[in-house]
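Report on the structure given below.
In what follows, chains are A, B, ... by sequence order, proteins preceding strands, each numbered from 1. What's counted below: heavy atoms across the whole structure, side chains too, no hydrogens, waters or symmetry copies.
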There are 2 protein chains.
Amino acid sequence: MDSINIKDIARICGVGVSTVSRAINNHPDINPETKNMIMQAIKEHNYIPNNSARNLKRTDSKAIAVLIKGISNPFFSKMIRVFEEEIQKKKYLFIMQRVDASEDEVDVALELIKEKKPRGIVFLGGFFSHSREKLEQLTVPFVLSTIGMTDSLEESSSYSWVSVDDFAESYKMTDYLCKLGHKRILILAATQDDESIGRLRLEGYKKALVDNGIEPDEELCVFSEVGRDCYTMDYGFMSMSRILREKKVDFTAVYAISDSIAIGACKAITECGGKIPEDYSVAGFDGLDIAHYYNPTLTTIRQPVEEMAESTIKILFDVIRGKAGHQKRVFKGELVEGESTRSV
Amino acid sequence: MDSINIKDIARICGVGVSTVSRAINNHPDINPETKNMIMQAIKEHNYIPNNSARNLKRTDSKAIAVLIKGISNPFFSKMIRVFEEEIQKKKYLFIMQRVDASEDEVDVALELIKEKKPRGIVFLGGFFSHSREKLEQLTVPFVLSTIGMTDSLEESSSYSWVSVDDFAESYKMTDYLCKLGHKRILILAATQDDESIGRLRLEGYKKALVDNGIEPDEELCVFSEVGRDCYTMDYGFMSMSRILREKKVDFTAVYAISDSIAIGACKAITECGGKIPEDYSVAGFDGLDIAHYYNPTLTTIRQPVEEMAESTIKILFDVIRGKAGHQKRVFKGELVEGESTRSV
DNA sequence: TTGTACGCGTTATCAC
DNA sequence: GTGATAACGCGTACAA
C-alpha cells in the first residue's frame, strides 16, 4: 500500500501526529487555526484514516450495530429505515451487518464487538435459542427485535426484547376466521422443525381452533421444505397450487403465516379459476404495505413496525445510558379486515 | 477490555504466538497435533481473533465488498442473494455495506478498501457521476451493477459495468403501449432532477412517443418530490390518486418507471372505481416477482436479475484474476405482457 | 517445526 | 495547545 497515513500528514503540516489525531476527532484542545490547516492538507492529499487501526486503539465507538438475519425479508426493510433514522438522530453511527442463515448470530456479534466496539446491538430476525452461557459473553447491551424465542430464555433480565405476541396474534386471526364461520381453515406454515415465530403462529392457530370447538386436522397444516426460505410468495404459490391440483383436502379459508405467502396463495387460487373471497377466504400476517395495495386487499395482522423499531432503539439507549434496565416489550398487532375474507 | 488475546492462548498452550497464528490461519507448516491442541484451547476459552488487528496487518483479504445504495429496494434483494451465492462459491468472503442516500459511495469504498482490503468491489444502485480523478483513487477492481450513468463516464475502460439499457427498454415499453393504440400515456417518473436511470427511462419514453408521431406532453409527465424515495408503491398511489381526483389531464395508459410505482397506481385507480385494463392500461418496469403475482398481472420489462448478478461477479473475478479486462455488459430486458394492458 | 521481535496506523497518556 | 511515545492485537520475517 502506497497509501498516505497520519504520520505523512503530520510531517506535511509540520506538527505531531497527536495534533493531527486531535484535528480528525474533533478534540477540544486544539487551536482552530492549526486544525483548519490540517484539515486542508487532509483534503488535498486525500488522506483517509484507517478504520482498522482506529478500532484497534479505541475502547468505544459511538455506534450501534444491527445484525439482521434474512435481510431480503420485506418486513425488515421498514424497520431498518427507522433504525437508521433513530440512530442518526442520536448522533450514533449505524452499522448494519447481515447474518447468513447458516451463521450463528451471537458468534457474529461477538466478532463485531471485538472489531468495532459498538455501544449497543440489535438482533433482527432469526431464531434465538442460545445458551445462557453464550449470551453472557455479550458484554454489550442488546435488544432482540421481532424474534421468536423459546420460553426458557424469556425470563432472563440480561437483555431486552421487542416483538408482538406471535402466539396471541395468530390466535386472534384464526379466531376471527372461525367467527366468520369457517370450519376448515388451511394453514400455510413454516418448516416442520421451526422453533421460532413459525411455531408460535402455528400453535396460536391450533389453540384458536380448539377453543372454537374445532379439532386441528394435520391435513390442513402445510409445511415448507426444511432449508428453504419459507416466507416467500413463491412458497405460497407452489404449495397452494399443489393443494388445489391434488384436491385431497377440503377447506374454505387459507391462513398464511406471512403476507408474502398469502399473496402467493392468492395467485394460485386465482390462476385455478377460484375467486377470493367467494370461493376461499385468505388471510396473512405482518401488515406489509403490499397487503394494503394488493387486489383484493389482504386481511392481515398489522404489526406496528415503526413503533416497534422506535421502541427497540429507545430501550437500547435507555440501557446504554443507565436510565433503565432491560425490558420485555410486547406490542399489540392490529387485525386489519381486508377484502380477502368473508363470512360463510 | 478484559478480553482474551492471541498471547494468552499462546501462554496457555505453552507455545509461541506465531504457532497460534498458524493454527488459526490454516498454515501448512504446523504439526497437526499442536494445531489440534491450540484449536481446542481456543474453543474452550472462547477466543475470537480481533479483526481490526488482522486487517491492519493483512495486505489482502480474500473478500468482495458490495456497496448498496437503497437497500430496501426489492429489486436488489434478489441480486444480493445471487451475489452472496456466487461469492461463497468462489470461497470469498461477502462484505455487504449499505450506503446512505446522502453518502458518496466512492468515499465509502475508499474507506472500506483501507479497512478491509477486499479484492474487488461491486457498486449496486444509486447514481454515478463521479469525476475520473476520484474513480482513479479506487485501487481495487470494481463493477457498476444496475447503475445509471452519465455518458461521459461510459467510455472509460478502468472499470466494468453491468446493466440493461434503461433508455432502450423504456423506449420498448412505451412503443408497445403506442402500438396498442394509446396516444395519451401518462408517465410516473422519478424526481425532476434525476440524473440516473430515472432520467434514462424518461428519455426513452419521450423518444418512443416522438417516433410514434406523438408530441410529448409535459402535463403527462409526473415527477416525484425531490428528496423522497420515489421507487415506492406509496409514491405511485399518492400521485395517481391526486391526478384522478383533479381530473385535469386525460390519458388511457399509465407507464410507471418501476413495478412498485405501478402497483401503487393500480390501487389508486381501483379505489376510484376504475378498472384495469378496461379504463386504464398500466405498465411497470423491473419485473419483480410481485409483478407476476399481482392482480391483474403487470405488464412490465423484466430485467434478467440472476444473469446480471452472475455476470457482475464473473466479470469481477475475471478482472481480479487477470483473465480479462474490464467490460461493459448490457443485458436485454424482456417485455412481459400481463393483464394490466390492452389495446384500444 | 517453532519462537522472538518488529511493525501495521491509530489513539491515549503523559510530559512539556 | 502541542509533541513524543507506549500501547492496541495480530501476522510474519527471520533466527533457532
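What separates CG of A/Asn25 from C1' of C/dA12 is a distance of 11 Å, to the nearest Å. As rounded to whole Å, 16 Å separates atom C1' of D/dA7 from atom CZ of A/Arg58. Look at CD1 on B/Ile48: it is 14 Å from P on D/dG9, rounded to the nearest Å. If you take CZ of B/Arg11 and P of C/dT2, they are 20 Å apart, rounded to a whole angstrom. In this structure, CG of A/Asp60 is placed 14 Å from P of C/dT11, rounded to the nearest angstrom. Protein atom CG of A/Asn51 is 10 Å distant from nucleotide atom P of C/dT10, rounded to whole Å. If you take CG of A/Asn50 and C1' of D/dC10, they are 14 Å apart, rounded to a whole angstrom. The distance from atom CE of B/Met37 to atom C1' of C/dT2 is 12 Å, rounded to the nearest whole Å.
Looking at B/Thr146, its side chain never comes within 3.5 Å of a backbone N or O of B/Leu124 through a donor-acceptor pair.
For A/Lys7, the NZ atom is loosely surrounded, since the number of other residues' heavy atoms within 6.0 Å does not exceed 12.
For the ring-ring contact (aromatic ring centres under 6.0 Å, His included) test, residues two or more places apart in sequence or in another chain that qualify with B/Phe123 are B/Phe128, B/Phe142. Under the salt bridge (charged side-chain N to carboxylate O under 4.0 Å, His left out) criterion, B/Glu84 pairs with A/Arg98, not counting sequence neighbours. By the salt bridge (charged side-chain N to carboxylate O under 4.0 Å, His left out) test, A/Arg11 is found to be paired with A/Asp8, residues two or more places apart in sequence or in another chain being considered. Partners of B/Tyr231 under the ring-ring contact (aromatic ring centres under 6.0 Å, His included) rule, at least two apart in sequence or in another chain, do not exist in this structure. B/Tyr92 is linked by a ring-ring contact (aromatic ring centres under 6.0 Å, His included) to B/Phe317, counting only residues two or more places apart in sequence or in another chain. Applying the salt bridge (charged side-chain N to carboxylate O under 4.0 Å, His left out) criterion to B/Lys134, with sequence neighbours excluded, gives B/Asp104, B/Asp107. Every salt bridge (charged side-chain N to carboxylate O under 4.0 Å, His left out) that B/Lys314 has, sequence neighbours left out, goes to B/Asp318.
Listed by first and then second residue, the ring-ring contact (aromatic ring centres under 6.0 Å, His included) pairs that reach into residues 62-87 of chain B come to none, sequence neighbours excluded. Among pairs with a residue in residues 28-53 of chain B, none fulfils salt bridge (charged side-chain N to carboxylate O under 4.0 Å, His left out), at least two apart in sequence or across chains.
Residue contacts for A/Asn55: at a heavy-atom cut-off of 4.0 Å it reaches no nucleic acid atom on any strand shown.
The side chain of A/Arg54 contributes an N or O atom lying less than 4.0 Å from OP1 or OP2 of C/dT11.
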Contacts under 3.5 Å, N or O only, protein and nucleotides 2-5 of chain D:
residue, atom, partner, partner atom, Å
D/dT2, OP1, A/Thr34, OG1, 2.9
D/dT2, OP2, A/Asn31, N, 2.8
D/dT2, OP2, A/Thr34, OG1, 3.3
D/dG3, OP2, A/Gly16, N, 2.9
D/dG3, OP2, A/Thr19, OG1, 2.3
D/dG3, N7, A/Ser18, OG, 3.1
D/dG3, N7, A/Arg22, NH2, 2.8
D/dG3, O6, A/Arg22, NH1, 3.4
D/dG3, O6, A/Arg22, NH2, 3.4
D/dA4, N7, A/Ser18, OG, 3.3
D/dA4, N6, A/Ser18, OG, 2.7

Close N or O pairs between protein and nucleotides 6-8 of chain C (under 3.5 Å):
residue, atom, partner, partner atom, Å
C/dG7, N2, B/Lys57, NZ, 2.9
C/dG7, N3, B/Lys57, NZ, 3.3

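For the helix from C/dT1-D/dA16 to C/dC16-D/dG1, the end axes, each set by the C1' atoms of five terminal pairs, are bent relative to each other by 40° (nearest 10°).
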